Amino acid sequence: MQDYLNDCILSALESLGGVPADFTLEFQQPANPDHGDLACNVAMKLEKHFRKAPRQIAEEIRDALEAQPLDPDRISEVQVAGPGFMNFRFSDKYLLSALADILEAGEKFGHSGTGEGKRALVEFVSANPTGPLTVGHGRNAVLGDTIANLLQWTGYEVEREYYFNDAGRQMRVLGESVRARYMAQVDPTLGTKEIGEDGELSTVPESFPEDGYLGEYIDEIATRLLKEKGPDLSTEGDADVFKKAAEGSIFKEIEATLERMGIQMNSFFNERTLYDSNRVWDIVEQFKELDLAYEKDGATWLKTTAFGKEQDTVLVKSSGEPTYRLPDIGYHADKLERGFDLVVDVFGADHIATFPDVVEGVRALGFDADRIEVVIYQFVTLIRGGRPVKMSTRKATFVTLDELMDEVGEDVTRYFFLMRSPNTHLEFDLDLAKEASDKNPVFYLQYAHARIRSILRKAIEVGFSHEGDADLSLLQHEAELNLIKELMRLPESIERAAAHKEPHRLSTYLREIAVAFTQFYGKCRIIGEEENLARARMKLALAAGQVLKNGLSVLGISAPEKM
RNA sequence: GCGCUUGUAGCUCAGUCGGAUAGAGCGUUGGAUUCCGGUUCCAAAGGCCGGGGGUUCGAAUCCUCCCAAGCGCGCCA
């Protein structure tokens, strides 16, 4: 439709003396229904070009359009309004054909082709296997997975990847934590000590690292290890055996948690690969050749000042161990080398200042870093009884993602992470999440879908059917036409959410669908109406159910038949 | 101190590429209902869009300064 109007207006403008070469038309959906279905601000934009009042320009364009004239099967009315807007109203016929399109597309409705032929890699979660996924990881996981879904619906071929590092200091500490617990289980007479800050002291085995992991899961891993391998594991030297055991066990748990949320990764990328292939060291050499790296105090520094930072940063420590920046640059270079047109990273707010170094580093190596898009999300606060729930990873008082799902369910968990813009702080109200009423937005959407399905079942019981053709032109009620207008926006809504990497835009839209449907439901009946009208309305209800279901499936949320 | 993010109704938040009278849910108040699912619907009240300045036909939106909150600022990741 927009393309059609675009062409019409451009040719009308041609007859009025042409437009600047780089001029493009802008359309928008007016907030106020009195302003039609599509508005164009062309006249205001061209005020200077024509040196005329916008209203006058708009009127001239309208006259030229009416002389052509516009296809009455698409546009029923053109209006000049306000400071010079041109408002177009869709004809009923156009709306009905749009409805027919929705029904025909069925579960495919909402797909579009903007990403056709392109490949995208979405990297998310990427938590090192040091413990169970927490609520914070949950927001990351759900955002990443949903962004991947959105991209798929716009035609991209998408891969989901999890990046991890099992060789760093964190993992060493993890292994030592397990070993200490193991040793204490083998010989309970071993001494203990207290670690932590004042008021938050924990009693741990003597050999427990100062910054060790305090979670109960560590003890459980030690117990299992003792049971399976016996008490004679070597506790001397590095804690490799314990680290491996912990890693395997924790990864298994992480994958189970992800699966429970409906998330399936395509690949797990181990940071070690970048060392095995010597990649990271090659990059250091390249940076040196580019005069972007130098040696100082025994370390290798990256000239981040060249990227606009205040200070240079260390790339390789004097110990010879790289900082995370180096493998991260290598990893992103690797992603781009794999030929992806779009590389999406999902990061928590704590990365906000550091990812630009990585992007600029990759760019300096000659890659097209514009293909990298970083989604930063702010932290999550759980609210219970109107108060924030205290969480600390160190003290192991965090709430795990599994616990959250146990409490409120998988659908609610996903929806709550998706209902707000990623870059605002999220308040996750547990009491609201558990409530099965209209106060709970997920419930409202699912309920709307269940009710549609119920109405259709009931209508079939009384002898109606939505099979075969129906005379859609019987749909003339304002609530019916309005519902169709909302329904046909699904593809655009998905595209927009995908383009901005903001799934909440789709959540917001689906809520509008549910509202438009309940308005229709309140004003138009099916059972008890004349059969042809009932059939037409069943078609409309079917389409509304389809749109809700498709939209929910993009969000990874179920659309129940009954509740 | 520096960087990034945020500041919109009592609360939680939407607000498209800069568009017309700034929206929704909750809460509050008042209504409706011979109900295809009352787990519903309708309506009202409620706003200096953090504050000042600027850009322009037009600003919640862009620029600038100030104020406030969050996150970060390590040879941690």
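These numbers come from a predicted model, not from an experiment.
For the pair His425(A) and G7(B), the criterion of a side-chain N or O lying under 4.0 Å from OP1 or OP2 is not met. Phosphate contact (OP1/OP2 of G37(B), side-chain N/O of Ser454(A), threshold under 4.0 Å): present. Contact between the side-chain N/O atoms of Lys48(A) and the OP1/OP2 oxygens of C57(B) is found at a separation under 4.0 Å. Taking 4.0 angstrom as the limit, Gln311(A) places none of its side-chain polar atoms (N or O) nearer than this to OP1 or OP2 of G3(B).
Judged by the 6.0 Å and 45° rule, Arg451(A) forms a cation-pi pair with Tyr521(A).
Nucleotides G27(B) and G53(B) place their P atoms 39 Å apart, quoted to the nearest Å. Distance check on atom P: A44(B) versus A24(B) gives 10 Å, rounded to whole Å. With C1' as the reference atom, G72(B) and C26(B) are 34 Å apart, rounded to whole Å. U61(B) and G18(B): their C1' atoms are spaced 6 Å apart (whole Å). Taking the C1' atom of each, A22(B) and A60(B) are spaced 8 Å apart, rounded to whole Å. Taking the C1' atoms as reference points, U8(B) lies 10 Å from G50(B), given to the whole Å. Between the P atoms of A45(B) and U6(B), the separation comes to 32 Å (whole Å). If you take atom C1' in A9(B) and the same atom in U55(B), they sit 30 Å apart, rounded to whole Å.
In summary, Lys243(A) and Glu176(A) do not engage in a salt bridge, as defined by a charged side-chain N under 4.0 Å from a carboxylate O. Between Arg363(A) and Asp370(A) there is a salt bridge, with a side-chain nitrogen of the basic residue lying less than 4.0 Å from a carboxylate oxygen of the acidic one.
Distances were taken from every side-chain heavy atom of Lys458(A) (C-beta onward) to each of G15(B), C36(B), C71(B); the shortest belongs to C36(B). Counting only heavy atoms from C-beta on, Arg496(A) has its side chain closest to U16(B) among C13(B), C71(B), U16(B). The side chain of Ile352(A) has U5(B) as its nearest neighbour among U5(B), G15(B), C13(B). Residue Arg511(A) has its side chain nearest to G25(B) when only C2(B), C57(B), G25(B) are considered. The side chain of Met563(A) has G37(B) as its nearest neighbour among U40(B), G37(B), C36(B). Here the side chain of Asp350(A) is nearest to one of C75(B), C57(B), G72(B), namely G72(B). Checking C75(B), G70(B), U12(B) against every side-chain atom of Asp297(A), the shortest atom distance belongs to C75(B). Comparing C17(B), A14(B), G19(B) against the side chain of His500(A) picks out C17(B) as the nearest. Here the nucleotide nearest the side chain of Arg451(A), chosen from U40(B), C36(B), A20(B), is U40(B). Considering only side-chain atoms of Met44(A), the nucleotide from C57(B), C71(B), A14(B) that sits closest is C57(B).
One N or O donor and one acceptor, one from the side chain of Asn87(A) and one from the base of A20(B), sit under 3.5 Å apart. Within 3.5 Å, no donor on the side chain of Thr518(A) pairs with an acceptor on the base of C41(B), nor the reverse. Contact of Asn41(A) with G19(B) (side chain to base): a donor-acceptor pair of N or O atoms is detected under 3.5 Å.
Among the atoms of the strands shown, base atoms are found under 4.0 Å from some heavy atom of Phe27(A).
Within the shown strands, U6(B) is the pairing partner of A68(B) under the Watson-Crick or G-U definition, both distances less than 3.5 Å. Look at G1(B): its Watson-Crick or wobble partner, with both distances under 3.5 angstrom, is C73(B). Searching all strands for a Watson-Crick or G-U wobble partner of G23(B) with both distances below 3.5 Å returns C13(B). If you check A43(B) for Watson-Crick or wobble pairing at under 3.5 angstrom, you find it paired to U29(B).
C17(B) takes the syn form, because its glycosidic angle lies no more than 90° either side of 0.
Using bins of under 30°, 30° to 60° and over 60° for the plane-to-plane angle, the ring pair Phe417(A)/Phe428(A) lands in the perpendicular bin.
Look at Tyr447(A) and the base of G37(B); the rings do not stack under the cut-offs of 5.5 Å between centres and 30° between planes.
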Take Tyr163(A) and Phe268(A) through the ring pair (Phe, Tyr, Trp, His ring centres under 6.0 Å) test and state the conclusion after the steps. CA-CA 6 Å; Tyr163(A) 176 73; Phe268(A) 285 77; over 10 Å; no
side-chain contact (heavy atoms from CB on, under 4.5 Å) between Glu480(A) and Phe520(A): does it pass, once the steps are laid out? CA-CA 6 Å; Glu480(A) 295 170 328; Phe520(A) 157 75; 3.7 Å; yes
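The distance between the ring centers of Phe269(A) and Tyr162(A) does not fall below 6.0 angstrom.
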